[in-house]
Amino acid sequence: MEVDDLYRRLDAHYSVEDWWPAESPWEIMVGAILVQQTNWESVAGVLEALRSRGLLDVDAIDELPQEELEAILRPTGFFRQKAKNIKAMASYLRAHHRSDPMHLLCQDTEAARRELLSLPGIGNETADVILLFAGGKPCFIAAAYVSRVLGRTGMLDSGDYQEVKGLMESCLEPDPAKYARFYALLVQHARTTCRSRPKCDACVLSSECAFSSGRGTAGSRPLRRTSARR
DNA sequence: ACCCAGGTGGCCC
DNA sequence: GGGCCACATGGG
């Protein structure tokens with residue numbers, strides 16, 4: 001099975017509309033920090049709380065006392081770290097990008113990525129979430145879920161973030177909308193199969209819905225780079 | 001009472 | 001470069 005086949009099969013099986021609802025790039029950046037190791041429902045509640053207080057704003061967050069932000073973030077867990085990290089992001093944008101996230105994100109992708117990674121609380125995955133969903137960049141998000149599903153299809157056998165990201169980007173057209181949808185589909189699939197019903201992999205991933213045998217999907221072959229993109 | 005969630009950073013070897 | 005651990009709350 002090729003990567004595009006996997007995409008089509010998942011697409012036919014799940015609906016992932018409105019995967020990352022937000023009214024602004026800054027709201028996506030804040031959400032990207034908040035959703036770390038947390039479910040989206042908690043995040044959505046906190047984003048609403050921030051919105052209703054007029055706090056979905058770079059300068060407002062920069063000026064808000066840390067303890068007040070912590071209190072609002074509490075339901076998403078890791079609230080002290082997240083408050084610190086979100087404030088650091090606001091402070092950085094204000095100092096270096098006129099409080100405008102797009103001023104950072106509209107640069108060359110690699111430059112923007114390096115800048116995001118230099119901020120506390122933003123690692124590979126969060127940087128790519130921001131670049132893709134807020135910046136519209138063709139940055140594939142190689143989340144742990146993604147590596148897990150790809151591993152089970154037999155298409156790849158690595159958990160290394162850069163490795164998986166590079167491989168996927170070399171196999172797909174650099175289409176941000178498709179990357180976003182693919183990511184959402186992979187996460188959705190991982191969530192509904194990994195725990196409760198691991199066997200359903202076969203249903204979705206193999207063409208005949210045959211619960212063939214133990215591991216992987218029959219006919220899958222390892223990913224190969226098809227171009228020299230990086 | 002467990003286990004898990006749309007990760008990251010720090011420390012250790 | 002990998003393997004642990006803290007970070008914290010909420011839901012199944």
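Values reported hereafter were calculated over all heavy atoms of this structure, with side chains retained and with hydrogens, waters and symmetry mates removed. The chains referred to below are lettered A, B, ... by the order of the sequence lines, with proteins before strands, and numbering in each begins at 1.
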**Request:** State, to 0.1 Å, how close A:Leu6 and A:Phe182 come at their nearest heavy-atom pair, and which atoms those are.
**Result:**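 It is CD2-CZ, 4.1 Å.
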
Would you tell me if any nitrogen or oxygen in the side chain of [X] comes within less than 4.0 Å of OP1 or OP2 on [N]?
| X | N | value |
| --- | --- | --- |
| A:Arg74 | C:dA8 | no |
| A:Tyr161 | B:dG7 | no |
| A:Thr38 | B:dG7 | no |
| A:Gln37 | B:dG7 | yes |

At 4.0 Å (heavy atoms only), tell me whether [X] reaches a base, stays on the sugar-phosphate, or touches nothing.
| X | answer |
| --- | --- |
| A:Ile122 | sugar-phosphate |
| A:Glu125 | sugar-phosphate |
| A:Phe78 | base |
| A:Asn85 | nothing |
| A:Leu34 | nothing |

**Prompt:** Between the side chains of A:His97 and A:Glu115, is a donor N or O closer than 3.5 angstrom to an acceptor N or O?
**Reply:**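 There is such a pair (donor and acceptor under 3.5 Å, judged by atom type) between the side chains of A:His97 and A:Glu115.
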
**Item:** Flag for A:Asp62-A:Tyr92: side-chain donor and acceptor within less than 3.5 Å
**Value:**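 Per modelled atom types, A:Tyr92 and A:Asp62 side chains form no pair under 3.5 Å.
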
**Asked** Which is it for A:Glu70 and A:Lys84 under the salt bridge (Lys or Arg N to Asp or Glu O under 4.0 Å) test, yes or no, and what are the steps along the way?
**Response** CA-CA 8 Å; A:Glu70 288 178 0; A:Lys84 203 189 324 159; over 6 Å; no

Would you mind reading off the distance between [X] atom [atom1] and [N] atom [atom2], rounded to a whole angstrom?
| X | N | atom1 | atom2 | answer |
| --- | --- | --- | --- | --- |
| A:Leu117 | B:dG9 | CG | C1' | 13 Å |
| A:Trp40 | C:dG10 | CH2 | P | 18 Å |
| A:Lys82 | C:dA6 | NZ | P | 18 Å |
| A:Glu41 | B:dC4 | CD | P | 19 Å |
| A:Ile72 | C:dA8 | CD1 | C1' | 17 Å |
| A:Ile86 | B:dG7 | CD1 | P | 15 Å |
| A:Leu116 | B:dG7 | CG | P | 17 Å |
| A:Arg80 | C:dT9 | CZ | P | 7 Å |

**Prompt:** Considering only the P atoms, how many Å lie between B:dT8 and C:dG10, rounded to the nearest integer?
**Reply:**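 To the nearest whole Å, 22 Å.
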
**Prompt:** With respect to the side chain of A:Gln36, which nucleotide from C:dG2, C:dA8, B:dG7 is positioned closest?
**Reply:**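 Of C:dG2, C:dA8, B:dG7, B:dG7 is nearest to the side chain of A:Gln36.
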
**Message:** Using the side-chain heavy atoms of A:Thr126, tell me which of these nucleotides is nearest: C:dG10, B:dT8, C:dG2.
**Reply:**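 Closest of the options to the side chain of A:Thr126: B:dT8.
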
**Prompt:** So does A:Lys137 pair up with A:Asp128, basic N to acidic O under 4.0 Å?
**Reply:**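 No, A:Lys137 and A:Asp128 are not salt-bridged.
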
